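Worksheet for the structure shown next.
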Amino acid sequence: MVKDGFMRRIKLVAPAIVFFIVIFLQALFAQEEWKFPIPKGKRIPGENLIMVPESERFMAFAVMGLWPNTSTYYFLPELKKKKGMTDAQLNEVREQFYWLNFELSHGRVIRNLPKYTQFYVALPDRKYVKESLGWEKKLFLQFLKEKCGFTDEDISHRFNFFKSEIQLEWAQDACKVLGREENGRVVIAYSKGDNNPYVGTMQNLANDFPEDFRLVEIDRNLSAEGGDEDIIWQPGGDVAFLAGRNRALEYFRRSRQESYEEQSLTKEMVEEARTAYSNAVFGTKVVFMPEKTLLDAKLRCRETFHLDMIATTLPDIKGKGFRAFVPSYTKEAYDALTFAPLDPEIMKGAQREFDLAAEQFKKMGYAVSRLYFSDHPVRGPVNIGRFRNKETGKYTVLLAKYPYHLPPGDPNCPQARINFILDKLNEETADWMENPNTQKYNEVVSWIDTMWRIMDEVALMPNPIYEAQKKVFTDLGYDVITIPMYAWGAGGLHCQLMY
């Protein structure tokens with residue numbers, strides 16, 4: 001009798017055990033599958049490294065960071081517990097603000113990446129990120145399900161978490177992905193001369209996922225700030241390490257303990273920096289872009305501080321070589337956040353750097369396409385993601401579509417509509433803070449709902465500048481994935497993802 005009861009219990013639980021084993025194996029397989037096939041690149045002899053240009057990567061993985069769950073975000077009102085509020089009310093608004101902040105700061109990138117992409121998400125470590133109230137993972141998982149359409153199965157297969165010593169908004173800048181090992185593991189360069197929390201965060205990533213990531217330390221006088229560096233194909237088929245001017249200037253600031261931001265370098269100094277970076281990346285050719293700005297400090301623009309504002313490259317689908325994409329200003333430009341005309345000196349200086357980069361790429365043998373825009377350089381049209389889609393084999397561009405902000409002063413333009421709702425949300429939340437009753441709470445919730453609705457509408461509204469940029473890419477044979485984004489901060493789409 002006892003034996004029969006035991007067997008009946010076994011039969012009852014066996015299907016559940018099998019189910020959980022299958023789910024575990026599926027998740028394990030998904031986490032390994034992303035490593036293969038290994039993207040095309042250059043094998044570095046004796047280093048177990050395939051140096052992979054960014055355009056050849058499959059977007060098989062993406063590292064990104066979460067903001068801390070806190071009381072204050074850009075654009076959103078501060079939240080404080082007041083007498084008369086219930087915990088349920090405060091927690092509901094806090095959750096919605098966390099979600100809104102993620103959408104405003106990251107755009108809709110996470111829901112538009114390939115379905116095979118594995119995410120590695122940096123959670124703020126409260127030991128270092130003091131403003132964190134905790135619960136970021138819980139809030140984010142709920143956001144994935146309610147706003148992005150991910151299922152529990154999607155999340156278990158595709159999302160991995162690790163601790164960050166910093167609010168990792170600009171994951172691209174934390175280090176530089178060099179490529180892959182023969183077994184598919186990702187090789188990442190870092191420098192102890194860079195931001196200490198970046199270093200600690202990347203060490204956490206590699207320690208938590210040692211089968212997926214290997215760190216390579218470069219000289220501390222060098223920088224591995226990825227937004228100002230790129231690995232590209234060069235005419236002739238070899239790879240090159242492309243770096244913005246600030247990587248060379250930073251090298252001398254560290255090695256000589258002297259600022260060169262407003263000083264011109266000699267040709268010998270440029271070669272010294274080039275050699276130092278080349279030695280760090282296993283003898284790979286190093287190109288500074290635009291190099292003339294190193295030799296003449298008067299050519300620099302303080303607002304174009306990273307390479308991903310200046311240029312990007314892709315294999316030329318319709319030609320047989322490689323193509324560089326460089327921004328160019330329209331006749332007038334206005335800051336999308338303030339609607340104020342862009343400072344003429346910024347516009348002139350940025351355009352000068354754009355033209356120098358285009359000239360340098362042409363001399364190197366690249367075809368060059370110009371992408372026109374009318375905003376601050378941080379929201380320029382080359383701050384993009386680009387990869388080779390594993391499923392289609394096509395070179396693909398993640399192109400940011402910001403709410404159209406022209407003509408300036410038009411209250412009906414998409415950016416003005418976003419600003420109006422944000423202002424109303426701030427006003428209603430302030431009223432609720434002053435008079436914390438149920439009616440005021442309901443008004444705040446109503447404006448939150450309106451904000452989500454307007455963001456959905458704005459994402460579908462036309463933006464002639466974006467459409468012209470997209471046409472440049474599609475006419476040349478590239479696939480384009482539209483990523484609705486929002487104007488804020490000091491970075492763009494490329495800055496957010498390390499891949």
Side-chain angles (χ1 to χ4, degrees), residues 31-63 114 116-118 120 172 174-191 202 205-206 209-219 222-226 228-243 247 274-289 307 312-317 319-324 364-366 385-396 497-499:
Q31 290 168 350
E32 289 297 314
E33 185 182 25
W34 68 262
K35 298 178 186 177
F36 302 100
I38 295 173
K40 185 168 64 172
K42 176 185 178 181
R43 281 177 167 78
I44 306 298
E47 294 295 339
N48 190 16
L49 171 64
I50 303 166
M51 190 87 79
V52 180
E54 193 168 303
S55 61
E56 295 293 344
R57 299 171 192 174
F58 294 123
M59 196 66 73
F61 75 95
V63 177
Y116 57 74
T117 302
Q118 281 282 313
Y120 292 81
Q172 182 69 234
C175 60
K176 189 62 199 171
V177 174
L178 297 180
R180 299 288 196 92
E181 292 182 344
E182 295 287 352
N183 64 4
R185 187 163 63 159
V186 178
V187 180
I188 299 172
Y190 78 100
S191 168
M202 290 300 101
L205 174 67
F209 302 98
E211 300 300 316
D212 300 338
F213 300 98
R214 171 168 70 92
L215 297 184
V216 174
E217 184 178 355
I218 63 174
D219 189 289
L222 303 175
S223 173
E225 195 165 321
D228 204 27
E229 299 169 342
D230 199 1
I231 296 172
I232 64 172
W233 290 119
Q234 57 180 319
D238 203 354
V239 299
F241 185 85
L242 191 65
R247 293 317 95 201
R274 194 191 318 276
T275 299
Y277 274 99
S278 180
N279 289 338
V281 290
F282 313 104
T284 301
K285 179 179 178 179
V286 171
V287 177
F288 294 114
M289 182 65 64
L307 178 66
T312 193
T313 69
L314 281 159
D316 196 342
I317 295 175
K320 293 186 177 179
F322 301 93
R323 183 171 291 271
M364 292 169 63
Y366 290 83
R386 78 263 202 230
F387 66 100
R388 191 153 58 90
N389 190 301
K390 190 188 294 189
E391 295 173 339
T392 66
K394 294 192 68 174
Y395 292 104
T396 303
L497 300 174
M498 185 188 86
Y499 63 94

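Computed from a predicted structure; not experimentally measured.
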Would you say the side chain of [Y] lies within less than 4.5 Å of the side chain of [X], judging by non-hydrogen atoms?
X	Y	result
Phe61	Phe213	yes
Val239	Trp233	yes
Pro114	Phe58	no
Thr313	Phe322	no
Met51	Leu178	yes
Arg43	Glu182	yes
Pro315	Glu56	yes
Val187	Glu47	no

With no hydrogens and no angle check, is any side-chain donor or acceptor of Tyr395 less than 3.5 Å from a backbone partner on Leu314?
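Not a single qualifying donor-acceptor pair exists.
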
Tell me the closest heavy-atom pair linking [X] and [Y], and the distance in Å.
X	Y	answer
Asn183	Arg185	OD1-N, 3.0 Å
Ser191	Ile218	CB-CG1, 3.8 Å
Gly393	Arg388	O-CG, 3.4 Å
Ile50	Pro39	CG2-O, 4.3 Å
Leu215	Ala206	CG-CB, 3.7 Å
Val287	Arg274	CA-NH1, 4.1 Å

For the atom pair [atom1] ([X]) and [atom2] ([Y]), what is the distance rounded to the nearest 0.5 Å?
X	Y	atom1	atom2	value
Leu49	Arg180	CG	CZ	11.5 Å
Glu229	Glu54	CD	CD	11.5 Å
Leu205	Tyr190	CG	OH	13.0 Å
Asp228	Lys176	CG	NZ	9.5 Å
Ile231	Thr284	CD1	OG1	7.5 Å
Asp219	Glu217	CG	CD	8.5 Å

Phe241 and Tyr277 aromatic ring geometry - parallel, tilted or perpendicular at 30°/60° bounds:
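Rings of Tyr277 and Phe241: parallel, as their planes differ by under 30°.
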
Step-by-step side chain to side chain contact (heavy atoms under 4.5 Å, CB included) determination, Glu211 to Lys35:
CA-CA 10 Å; Glu211 300 300 316; Lys35 298 178 186 177; 4.0 Å; yes

Before you tell me yes or no, could you show the steps for Val186 and Tyr499 under side chain to side chain contact (heavy atoms under 4.5 Å, CB included), namely the whole-Å CA-CA distance, both residues' side-chain angles and the distance that decides it to 0.1 Å?
CA-CA 9 Å; Val186 178; Tyr499 63 94; over 6 Å; no

Show, in sequence, the C-alpha distance, side-chain angles and deciding distance for Met59 and Thr396, and conclude whether the side chain to side chain contact (heavy atoms under 4.5 Å, CB included) test is met.
CA-CA 10 Å; Met59 196 66 73; Thr396 303; over 6 Å; no

Between Tyr120 and Phe209, does the ring centre distance come in under 6.0 Å?
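Ring centres of Phe209 and Tyr120 closer than 6.0 Å.
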
Under 3.5 Å, is there a donor-acceptor pair between the Arg386 and Ser55 side chains?
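Arg386 vs Ser55: no donor-acceptor pair found between side chains.
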
